[in-house]
Amino acid sequence: MNYQLAIVGGGPAGYTAAEAAGKAGWSVVLFEKNSLGGVCLNEGCIPTKTLLYSAKVYDYTRHASKYAVNVPESSFDLGKIIARKSKVVRKLVLGIKAKLAAQKVTVVQGEALIGDAHTIVCNGETYTCDHLLLCTGSQTFVPPIPGLEQVSYWTHRDALDNKTVPQSLVIVGGGVIGMEFASFFNSLGVSVTVIEMLDEILGGIDHEIAALLRADYAKRGVKFLLKTKVTRFEQEEAGTRVCYENADGAGCVVGEKVLMSVGRRPVTQGFGLENLQLERTERGQVKVDAHMQTSVPGVYACGDLNGVSLLAHTAVREAEVAVRHMLGIPDEMSYRAIPGVVYTNPEVALVGQTEEQLQAAGTAYRVLKLPMAFSGRFVAENEGVNGVCKVLVDEDDTLLGVHLYGNPASELVVLAGMMIEDRRKWTEWKRYVFPHPTVGEIFREL
């Protein structure tokens, strides 16, 4: 029962670390109380993108006439969309299990309780380890708003398993999760209202790009209440009354369903974290160094638990860095070019810094911007749709940030991220031969 590496949490960070350490010949035990894959695979990244792709296909059929294709009566079956989502998740979970089994990783299903840096108890059994990696993820944050406990509301998990189409939906929170669900249900014909406390949706994303997305969805019928605070909830026969306050005064909106989507918080309770007495940041997150090691030697924290970047792809890279450090291989974590994507239709993607961040830091920069219509491929595949490629560079032409609006932004942002990570100049895109026609050629057109 002694292992070279013990991992608490089987999400992207946990299973990545387990596979990497197993490949190196280490004995590894991984504890997971729910399902392998964590929130990302089971109730986050993968299931939401599966639903959104079904919605995108439905959108294409409804607007097929733009491309001279006649689809007389397109329709959807939400129950089958949900079933397909579940099938995709099951398939990917089985894939992770197979990968871990191939590396002889011991997977223990149950709640792990940490005794100290080298001792874990689970299901009544005691396990010891040389190294300990904490990857406990995050959970939905539900604010204590008056009346919320007395009404029926959804979290993202409930929305992912819902099989009936509501007539109306009020989404509290206009961040990435909120906007992706707004996109999905708007495509299905649901009347959607988004309430956001900030002055723009998608906090942390370039304001200009966020405003473009909001304007497009407003044209599709989504109602937005910005700089608006929800004050209370009331249950009615027709649904839930959501009361709010903003600069125009007090008001209410009634939705058949309400989705609470105001953010996530790292899981820090229930697994004995306090027994390690780890150093915390000012915000209370577990403090780690560039190798993901905590203040206790041999104990590492990756993913949402350290609070640096609550994104699955960040967690994967952090896990790789942590295991390499354990193995004595030089490596460090860099957060210079962590991409972010909003999988609405059109997509939003960004990497590097925003104008707002550069202005706050007093950093000199200039903006290079082109409509996506400068790409022939984009025009061919996006009839009547606009897009923007916005690039921020410093005085020496070094890339600082790239912000994209338009499909397939999620794929294009990878090209930008590599350039920013390596501190390259935007003019260097001219040296590369891009296949023609591709939307990625937009970078050469700047």
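All values below were derived from every heavy atom in this structure, side-chain atoms included, with hydrogens, water molecules and symmetry-related copies excluded.
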Under 4.5 Å between any side-chain heavy atoms of I114 and F271, yes or no?
yes
Any donor-acceptor pair under 3.5 Å from D422 side chain to R424 backbone:
no
Any chance you could measure C122, atom SG, to K33, atom NZ, to the nearest 0.5 Å?
11.0 Å
If you count the non-hydrogen atoms of other residues, nucleotides and ligands that lie under 6.0 Å from NZ in K87, is the total more than 12?
no
Which pair of heavy atoms, one from S410 and one from V413, lies closest together, and at what distance?
O-CG1, 3.4 Å
Distance-only, no hydrogens or angles: does the E32 side chain make a donor-acceptor pair with backbone N or O of G10 under 3.5 Å?
yes
Check the surroundings of atom CZ in R283: do more than 12 heavy atoms from other residues, nucleotides or ligands lie under 6.0 Å from it?
no
Heavy-atom donor-acceptor pair, E180 side chain to Y343 backbone, under 3.5 Å:
yes
Please examine the side chains of L169 and F184, heavy atoms only from C-beta on, and report whether any two atoms are closer than 4.5 Å.
no
Stepwise side-chain contact (heavy atoms from CB on, under 4.5 Å) test for I201 and L226
CA-CA 8 Å; I201 61 170; L226 303 180; 3.9 Å; yes
Taking atom types as modelled, is there a side-chain donor on E355 or H207 under 3.5 Å from an acceptor on the other?
no
Do E428 and K425 meet the salt-bridge criterion of a basic N to acidic O distance under 4.0 Å?
no
F378 and P371, any side-chain heavy atoms less than 4.5 Å apart
no
Checking E347 side chain against A409 main chain: does a donor-acceptor pair fall under 3.5 Å?
yes
Working to the nearest 0.5 Å, report the span between CD of E445 and CD1 of I442.
6.5 Å
Y58 OH: over 12 foreign heavy atoms closer than 6.0 Å
yes
Assess whether a salt bridge exists between R214 and E200, defined as any Lys/Arg side-chain N lying under 4.0 Å from an Asp/Glu carboxylate O.
yes
OG1/T155 to CE/M260 distance, rounded to the nearest 0.5 angstrom?
10.5 Å
So which atom in I120 and which in A112 form the shortest heavy-atom distance, rounded to 0.1 Å?
CG2-CB, 3.8 Å
Is a donor on one side and an acceptor on the other found under 3.5 Å between the side chain of T50 and the backbone of K85?
no
Please report, to 0.1 Å, the donor-acceptor pairs under 3.5 Å made by any side chain of residues 123-131, with sequence neighbours excluded.
residue : atom : partner : partner atom : Å
N123    : ND2  : Q109    : O            : 2.9
T128    : OG1  : N2      : OD1          : 2.7
H131    : ND1  : Q4      : O            : 3.3

Using atom types as modelled and distance alone, determine if a side-chain donor or acceptor of T314 lies under 3.5 Å from a backbone N or O of L310.
no
Give the minimum heavy-atom separation between V288 and A301, together with the two atoms involved.
CG1-O, 3.6 Å
Close side-chain approach of Y153 and T240, heavy atoms under 4.5 Å:
no
Single hit among D396, D397, D394 for salt bridge (Lys or Arg N to Asp or Glu O under 4.0 Å) with R366:
D397
Within the structure provided, determine whether H403 and T354 are in side-chain contact (heavy-atom separation under 4.5 Å).
yes
With rounding to the nearest 0.5 Å, note down the distance linking CZ in F443 to CZ in F434.
7.0 Å
Report the C-alpha distance between K287 and L278 in whole Å, list the side-chain angles of each, state the deciding distance to 0.1 Å, and finish with yes or no for side-chain contact (heavy atoms from CB on, under 4.5 Å).
CA-CA 8 Å; K287 190 173 183 178; L278 303 179; over 6 Å; no
Heavy-atom side-chain proximity of F185 to L259 below 4.5 angstrom
no
Is it the case that more than 12 heavy atoms not belonging to E149 sit under 6.0 Å from its CD atom?
no
Main-chain N/O of L446 paired with K430 side-chain donor or acceptor, under 3.5 Å:
yes
So, the side chain of D206 versus the backbone of I209: is there a donor-acceptor pair under 3.5 Å, distance only?
yes
Y217 and S183 have their tightest heavy-atom pair at OH-OG, 2.7 Å
Run through L5, L276, T294 and flag the one making a side-chain contact (heavy atoms from CB on, under 4.5 Å) with L132.
L276
Return the CD to OG1 distance between Q269 and T136, rounded to the nearest 0.5 Å.
10.0 Å
So which heavy atom on P266 is nearest to which on L305, and how close?
CB-CA, 4.0 Å
So do the side chains of Y365 and Q359 get within less than 4.5 Å of each other, counting heavy atoms only?
yes
Can you confirm whether Q277 is buried at CD, in the sense that more than 12 heavy atoms of other residues, nucleotides or ligands lie under 6.0 Å from that atom?
no
Test side-chain contact (heavy atoms from CB on, under 4.5 Å) on Q285 and N306; report intermediate values, then the result.
CA-CA 5 Å; Q285 315 297 356; N306 64 47; 5.7 Å; no
Would you find a donor on one side and an acceptor on the other, under 3.5 Å apart, between the side chain of D59 and the backbone of N345?
no
Kindly indicate whether the side chain of L327, heavy atoms from C-beta on, has any atom under 4.5 Å from the side chain of W26.
yes
What are the two closest heavy atoms between N407 and Y60, and how far apart are they?
ND2-OH, 4.3 Å
Please set out all donor-acceptor pairs under 3.5 angstrom arising from side-chain atoms of residues 35-42, sequence neighbours excluded.
residue : atom : partner : partner atom : Å
N42     : ND2  : L36     : O            : 3.1
N42     : ND2  : G38     : O            : 2.9

Could you please spell out the steps behind the side-chain hydrogen bond (donor to acceptor under 3.5 Å, both in side chains) verdict for T140 and R264?
CA-CA 4 Å; T140 300; R264 300 184 63 79; 3.2 Å; yes
Do other residues, nucleotides or ligands put more than 12 heavy atoms under 6.0 Å from R423 CZ?
no
For the atom pair CD (E43) and CG (L160), what is the distance rounded to the nearest 0.5 Å?
7.5 Å
Do other residues, nucleotides or ligands put more than 12 heavy atoms under 6.0 Å from the CD atom of Q103?
yes
Over 12 non-hydrogen atoms of neighbours within 6.0 angstrom of CD in Q139
yes
Would you sort out whether L273 and V286 count as a side-chain contact (heavy atoms from CB on, under 4.5 Å), showing the intermediate values?
CA-CA 10 Å; L273 179 64; V286 174; 4.1 Å; yes
Show me the donor-acceptor pairs, under 3.5 Å and distance only, between side chains in residues 328-342 and residues at least two apart or in other chains.
residue : atom : partner : partner atom : Å
D331    : OD1  : R317    : NH2          : 2.8
D331    : OD2  : R317    : NH1          : 3.2
D331    : OD2  : R317    : NH2          : 3.1
D331    : OD2  : R324    : NE           : 3.0
S334    : OG   : R336    : N            : 3.3
S334    : OG   : E421    : OE1          : 3.2
S334    : OG   : E421    : OE2          : 3.1
Y335    : OH   : E318    : OE2          : 2.5
R336    : NH1  : E421    : O            : 2.8
R336    : NH1  : E421    : OE2          : 3.2

Would you say H156's side chain and G44's backbone share a donor-acceptor pair under 3.5 angstrom?
no
